[in-house]
2 protein chains.
Amino acid sequence: MAEEKRIDKVLQVWVRLIRASDKVVRNVEATLKAKDFPPIAWYDVLLELSREGGRKLRPVELEKELLVAQYNLSRLLDRLEAAHLIERTACQGDGRGQMIALTAEGRAMQKRMWPILRDAVEEHVAANLPERDIEQLAKLLGAIGGGLRPNSCS
Amino acid sequence: MAEEKRIDKVLQVWVRLIRASDKVVRNVEATLKAKDFPPIAWYDVLLELSREGGRKLRPVELEKELLVAQYNLSRLLDRLEAAHLIERTACQGDGRGQMIALTAEGRAMQKRMWPILRDAVEEHVAANLPERDIEQLAKLLGAIGGGLRPNSCS
DNA sequence: GACATATAGATGCAATTGCATTAATGTCAA
DNA sequence: TTGACATTAATGCAATTGCATCTATATGTC
């Protein structure tokens, strides 16, 4: 009986987790699109590269940071490259690989997207949650997601 | 400064929410697929119909319950129908609409999927969270997601 | 009844995702 | 060095999603 109750609670978390995530992502994507910005996935790549200063990253590294499937990243990079936001260059030392560099345009895009994204996230995630709940939530979600790194950065 | 800190926390929740949800969904989908079961989306429809006993539902109703886009639901129902898990019948009283009925096969599928899904969710969502955290999480996620209904049912 | 407008559901088409496989190196042991 | 095996990245193809639009029926107004 106590077991039954627990599984019900877990299922409730399951449903709410998916719905909350879905809702928030849709809203933020919509905000970006409404202002003619590219999707969140593009921002993630641009941010990851921005964080490295001028250092170039290899797709494999991005893959690990962003938790994107290899074939999806490959094509995401195609799109970013076509939009002149990144550049692919050969990787000396490893003939298989390549280095991904942010272009000036790419860096500018990341900077322009940042405040939009920040405000959208603040609005749709934190709506009217008190500081305490935010912290609690971060802690509990961290427990589900496993090891994660911090985020943000302009 | 206090503001800065808050937004950082909110962004952390944003990142973790997406990652936790993503991870959990992928794991559960993988579990289903590994046992040759259809995806979660199918289960959601089957469960919704099962809950109604023998009552048929209209796509519009499902749409609201499941929060799926109209055109996606239309095609999801195509697939379920092709798999003989549901049946579409005319809707008397409204010539535009239709009624969706669970077939015996559909009901059986829902029943077979239930324990698999339950265990997978228990494993991937609740891994090693104490009861208290589960409840906290449900409460907090509910605050983000807005009004939600309870779940589960075999 | 005739018309304007709203609602239910389907569908063509483009973009994205997932899956399986491939090509090209790299690594390491014999 | 060579051959077996691992790693990096790309790609053909099918399935799914998003978007815009379309058809058919309903509803309300005159």
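Reckoned from all heavy atoms, side chains included, excluding hydrogens, waters and symmetry mates. Throughout, protein chains are lettered first and strands after them, A, B, ... in sequence-line order, and every chain is numbered starting at 1.
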Exercise. Taking NZ, NE, NH1 and NH2 as the nitrogens, is one of them in Glu29(B) or Arg26(B) under 4.0 Å from a carboxylate oxygen of the other?
Worked result: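 Salt bridge between Glu29(B) and Arg26(B), a charged N being under 4.0 Å from a carboxylate O: no.
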Problem set entry | Glu81(A)/Arg88(A) salt bridge by N-O under 4.0 Å criterion |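 Between Glu81(A) and Arg88(A) there is a salt bridge, with a charged N closer than 4.0 Å to a carboxylate O.
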Any [X] side-chain N or O less than 4.0 Å from OP1/OP2 of [N]:
X: Arg79(B); N: dA15(D); value: no
X: Lys33(A); N: dG18(D); value: no
X: Asn72(A); N: dT16(C); value: no

Problem set entry | Nearest-nucleotide 5' precedence on DNA chain D, Arg26(A) against Tyr71(A) |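 The 5'-side residue here is Tyr71(A).
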Exercise. Pick the nucleotide of DNA chain C nearest each of Ala69(A) and Gly93(A); which residue has the one closer to the 5' end?
Worked result: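 Here Ala69(A) is the residue nearer the 5' end.
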Exercise. Taking for each residue the nucleotide of DNA chain C with the nearest heavy atom, is it Asp78(B) or Gly95(A) whose nucleotide lies nearer the 5' end?
Worked result: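 On the 5' side of the pair lies Asp78(B).
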Hey, what are the protein-to-nucleotides 2-9 of chain C N/O distances that come in under 3.5 Å?
{"unit_1": "dT7(C)", "atom_1": "O2", "unit_2": "Arg96(B)", "atom_2": "NH1", "d": "2.8"}
{"unit_1": "dA8(C)", "atom_1": "O3'", "unit_2": "Arg58(B)", "atom_2": "NH2", "d": "3.2"}
{"unit_1": "dG9(C)", "atom_1": "OP1", "unit_2": "Gln98(B)", "atom_2": "N", "d": "3.3"}
{"unit_1": "dG9(C)", "atom_1": "OP2", "unit_2": "Val60(B)", "atom_2": "N", "d": "2.8"}
{"unit_1": "dG9(C)", "atom_1": "O3'", "unit_2": "Gln98(B)", "atom_2": "NE2", "d": "3.2"}

For this session: Answer with yes or no whether Arg75(B) presents, from its side chain, a donor or acceptor under 3.5 Å of a partner atom in the base of dG18(D).
Result: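 Flag set: donor-acceptor pair detected.
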Starting at atom [atom1] of [X], determine the distance to atom [atom2] of [N], rounded to an integer number of angstrom.
X: Lys56(A); N: dT8(D); atom1: NZ; atom2: C1'; value: 18 Å
X: Ile40(B); N: dG18(C); atom1: CD1; atom2: P; value: 13 Å
X: Leu77(A); N: dT11(D); atom1: CG; atom2: P; value: 13 Å
X: Leu73(A); N: dC19(C); atom1: CG; atom2: P; value: 17 Å
X: Leu67(B); N: dT17(D); atom1: CG; atom2: C1'; value: 16 Å
X: Leu57(A); N: dA9(D); atom1: CG; atom2: P; value: 11 Å
X: Leu76(B); N: dA15(D); atom1: CG; atom2: P; value: 15 Å

For this session: Group every Ile, Leu, Val, Met, Phe, Trp and Tyr by side-chain heavy-atom contacts under 4.5 Å, then state whether Leu129(B) and Val121(B) land in the same group.
Result: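 Yes: a chain of side-chain contacts under 4.5 Å links Leu129(B) to Val121(B).
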Problem set entry | Sole residue of Val24(A), Leu140(A), Leu137(A) in side chain to side chain contact (heavy atoms under 4.5 Å, CB included) with Val13(B) |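 The option that passes is Leu137(A).
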Exercise. Just checking, is any N or O donor in the side chain of Glu87(B) or Thr103(B) under 3.5 Å from an acceptor N or O on the other one?
Worked result: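 Note: Glu87(B) and Thr103(B) side chains miss the donor-acceptor criterion.
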Exercise. Does NZ or CZ of Arg118(A) come closer than 6.0 Å to the centre of the six-membered ring of Trp114(A), within 45° of the ring's axis?
Worked result: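 The answer is yes, since Arg118(A) meets both limits relative to Trp114(A).
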Check: residues 52-61 of chain B side-chain donor-acceptor pairs under 3.5 Å, at least two apart:
{"unit_1": "Glu52(B)", "atom_1": "OE1", "unit_2": "Arg55(B)", "atom_2": "NE", "d": "3.1"}
{"unit_1": "Glu52(B)", "atom_1": "OE1", "unit_2": "Arg55(B)", "atom_2": "NH2", "d": "3.3"}
{"unit_1": "Arg58(B)", "atom_1": "NH1", "unit_2": "Asp94(B)", "atom_2": "OD2", "d": "3.4"}
{"unit_1": "Arg58(B)", "atom_1": "NH2", "unit_2": "Asp94(B)", "atom_2": "OD2", "d": "3.4"}
{"unit_1": "Glu61(B)", "atom_1": "OE2", "unit_2": "Arg58(B)", "atom_2": "N", "d": "2.8"}

